[in-house]
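Heads up: the structure comes next, in structure tokens.
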2 protein chains.
Amino acid sequence: MKRTRPVKRRPKRPDPKRSEPEVVDPRSNDDDPVIQGILTAISQKRLKPGAKLGEDKLAAAFGTTRIHIRQALVHLASRKVVMQIPNRGAFVYRPSWEEAQDIFAARRLLETAAVSAAIDRLDKSGKAELKAHMEREARHDRNDRWASLSLTAEFHILVAKLAGNQVLLDMSRELMLRTSLAIATFEQPGEPDCSPDAHPDIGALILARDKAGAIHAMRHHIDDMERRIRPEEGKGEIDELTAIFKDIGARARAGG
Amino acid sequence: MKRTRPVKRRPKRPDPKRSEPEVVDPRSNDDDPVIQGILTAISQKRLKPGAKLGEDKLAAAFGTTRIHIRQALVHLASRKVVMQIPNRGAFVYRPSWEEAQDIFAARRLLETAAVSAAIDRLDKSGKAELKAHMEREARHDRNDRWASLSLTAEFHILVAKLAGNQVLLDMSRELMLRTSLAIATFEQPGEPDCSPDAHPDIGALILARDKAGAIHAMRHHIDDMERRIRPEEGKGEIDELTAIFKDIGARARAGG
DNA sequence: GGCCACAATAATGTTTACAAAATATGCATC
DNA sequence: GATGCATATTTTGTAAACATTATTGTGGCC
């Protein structure tokens with residue numbers, strides 16, 4: 001009876017059609033704009049490993065509440081994209097050197113298997129998708145670093161998709177994110193992430209159904225990516241706060 | 001002079017007693033007893049797919065608050081162990097038939113690779129660990145279903161550990177959990193999960209460094225597991241509540 | 001007698017406020 | 001002038017109250 005004003009608050013999530021019973025996406029949290037935003041920012045290297053992810057800042061940036069942010073951070077932490085330290089907050093995950101190597105090894109395993117399965121399952125629509133992507137990648141502006149990063153990631157995702165295993169696709173996606181973090185942590189300055197000529201070669205070999213060749217090319221491509229990082233003392237081991245402090249200190253010195 | 005005393009607040013997380021063998025200690029990096037408890041309950045099949053995970057019930061069961069429970073559920077949902085439906089709550093995840101097949105395919109890939117790597121890296125301590133586990137598995141009480149399930153899962157985890165890749169180990173752990181859910185969803189009544197004789201064979205082949213044989217045996221073992229499940233109309237598709245109701249109804253009829 | 005609508009209840013989701021911890025800042029002291 | 005301690009501020013963590021939604025039970029209507 002104490003019904004206050006029936007003020008309708010704006011819904012946090014777009015209202016899905018409730019008429020269909022099982023329209024719920026299995027990965028219910030992955031359509032969350034906060035999670036997607038952070039993942040995109042990381043994959044595009046706008047968020048660097050060790051960067052602080054303050055709850056209030058994120059809430060203001062995404063126009064939502066702290067509770068929502070906290071849920072998103074828990075989700076991302078469980079996927080090892082974010083590291084949560086009690087009473088200190090959340091930071092972009094910074095893999096250790098050993099973990100970086102393990103990530104590349106895992107990608108070698110999953111993606112060579114994906115190439116093989118993709119060739120086995122390749123049909124007309126798959127060929128069309130692959131060709132379309134190769135077109136886009138060939139014609140894209142290589143000076144646009146963000147578009148470049150997105151496109152190169154999309155190639156690997158497309159191959160994993162063509163393999164036809166949703167579980168392995170999700171795992172590959174996770175590994176690609178973590179690869180971004182590994183590269184961002186240990187990359188040599190000024191080096192590109194992917195050799196730009198590798199993807200057309202791999203794509204052509206897949207289209208030609210040259211399984212051994214495509215697997216070899218993919219493995220070589222990942223080896224190339226791994227070769228671009230170096231352990232460089234103290235890069236993955238230092239405390240996150242130390243890294244942040246170092247960065248802030250460097251900027252302060254440069255500024256004055 | 002209001003000196004802030006270093007008063008230690010009562011810890012929200014009761015210390016988990018490790019009396020039982022922790023089959024599922026995924027690096028679900030949280031030593032959170034709620035997460036560990038739910039994971040253990042699922043791997044031991046005390047929690048069935050589709051079971052409702054009410055926040056108040058869980059909070060009471062674990063002696064903690066709803067906030068804590070909600071965090072744990074978000075974590076588990078991101079691992080696809082729990083399914084969260086907006087405004088309706090959390091349920092133990094129920095994979096579809098296609099997803100179940102993908103899970104087994106992923107395990108084939110990861111675990112055959114693990115066998116290969118384990119043989120390559122096998123050293124004295126690894127051999128000792130493997131032998132010790134095979135001893136335990138040989139002498140365990142096969143009537144104790146929970147211990148049985150724990151031990152058989154531990155064998156696969158041990159092999160993945162011996163492969164020496166922490167990232168792939170974590171993924172394998174996750175896949176094993178999801179295998180439990182897949183089997184629980186689609187299993188034929190009264191069938192055991194693992195053929196009890198497969199593990200000694202695989203272990204012996206690893207100890208003998210027979211790589212081709214061990215890989216073949218592992219693949220065959222996983223094939224066997226997969227063959228034990230059947231699509232059975234409407235088992236993975238029916239609503240969770242329907243499944244619960246069916247189970248309760250069956251027990252009520254049996255009881256009187 | 002079956003079906004639909006409405007109200008009661010329980011559960012989830014969200015807001016608000018507050019407490020605790022960590023970091024930053026300022027002051028006193030050496 | 002540098003260092004260490006104390007305070008202030010910011011940030012994270014927690015709790016309780018409240019609103020919303022789904023479920024269930026009841027009653028009226030066809």
Side-chain angles (χ1 to χ4, degrees), chain A residues 1-24 28-29 32 34 50-77 82-91 239-249 252, chain B residues 1-14 30 32 34 50-77 82-91 239-242 244-245 248:
Chain A
M1 204 57 140
K2 60 198 308 190
R3 170 176 292 270
T4 57
R5 310 181 299 273
V7 55
K8 186 146 269 182
R9 182 182 41 222
R10 69 179 168 85
K12 282 290 185 295
R13 306 188 176 204
D15 182 27
K17 287 282 272 187
R18 224 38 86 90
S19 50
E20 304 189 18
E22 50 169 354
V23 74
V24 184
S28 57
N29 278 322
D32 186 306
V34 176
K52 167 99 187 198
L53 297 172
E55 297 180 1
D56 284 324
K57 307 278 180 59
L58 289 175
F62 285 100
T64 180
T65 66
R66 265 183 62 205
I67 295 192
H68 188 188
I69 296 293
R70 284 177 74 85
Q71 283 187 0
L73 290 176
V74 168
H75 182 106
L76 292 169
V82 157
M83 181 174 188
Q84 283 183 304
I85 305 177
N87 291 326
R88 284 176 63 188
F91 306 84
D239 195 45
E240 292 76 15
L241 265 298
T242 309
I244 294 171
F245 185 75
K246 190 188 73 178
D247 183 59
I248 292 174
Chain B
M1 274 296 203
K2 36 175 80 161
R3 178 184 190 86
T4 58
R5 319 186 287 276
V7 56
K8 198 142 236 172
R9 181 180 45 205
R10 68 190 154 83
K12 274 295 177 298
R13 324 192 151 180
D30 301 16
D32 186 306
V34 176
K52 166 99 186 195
L53 298 172
E55 298 181 0
D56 286 324
K57 307 278 181 61
L58 289 175
F62 285 101
T64 180
T65 67
R66 262 183 68 203
I67 301 177
H68 188 187
I69 296 292
R70 284 178 75 83
Q71 282 187 1
L73 290 176
V74 169
H75 184 109
L76 292 169
V82 157
M83 182 172 187
Q84 283 183 305
I85 303 177
N87 292 325
R88 283 179 59 189
F91 305 84
D239 196 45
E240 293 77 14
L241 268 298
T242 309
I244 296 171
F245 184 76
I248 293 173

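The analysis underlying the following values was restricted to heavy atoms, covering all of them including side chains, and did not include hydrogens, waters or symmetry mates. For clarity, every value in this text was computed on a predicted model and none was experimentally measured. Residue numbers start from 1 in every chain, and the chains themselves are labelled A, B, ... in the order their sequence lines are given, proteins ahead of strands.
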Within the 4.5 Å heavy-atom criterion, are [X] and [Y] side-chain neighbours or not?
{"X": "A:Leu58", "Y": "A:Leu73", "value": "yes"}
{"X": "A:Val74", "Y": "A:Val82", "value": "no"}
{"X": "A:Phe91", "Y": "A:Ile85", "value": "yes"}

Using side-chain hydrogen bond (donor to acceptor under 3.5 Å, both in side chains) as the criterion, list what pairs up with B:Glu55, not counting sequence neighbours. B:Arg66, B:Arg70
Give the B/S/- string for nucleotides 6-13 of chain C, one per nucleotide from 5' to 3', where a protein heavy atom under 4.0 Å of the base yields B, of only the sugar-phosphate yields S, and otherwise -. -----SBB
Find the distance [X]:[atom1] to [N]:[atom2] and express it as a whole number of Å.
{"X": "A:Phe91", "N": "D:dT11", "atom1": "CZ", "atom2": "P", "answer": "12 Å"}
{"X": "B:Ile69", "N": "D:dT14", "atom1": "CD1", "atom2": "P", "answer": "13 Å"}
{"X": "A:Leu73", "N": "D:dT11", "atom1": "CG", "atom2": "C1'", "answer": "13 Å"}
{"X": "A:His68", "N": "C:dT15", "atom1": "NE2", "atom2": "P", "answer": "11 Å"}

Considering residues at least two apart in sequence or located in another chain, which fulfil the side chain to side chain contact (heavy atoms under 4.5 Å, CB included) criterion with B:Ala72? B:Val34, B:Ile35
Does any donor atom in the side chain of B:Asp32 or B:His75 lie under 3.5 Å from an acceptor atom in the other side chain? no
Under 4.0 Å: is that the gap between some side-chain N or O of A:Thr65 and OP1 or OP2 of C:dT14? no
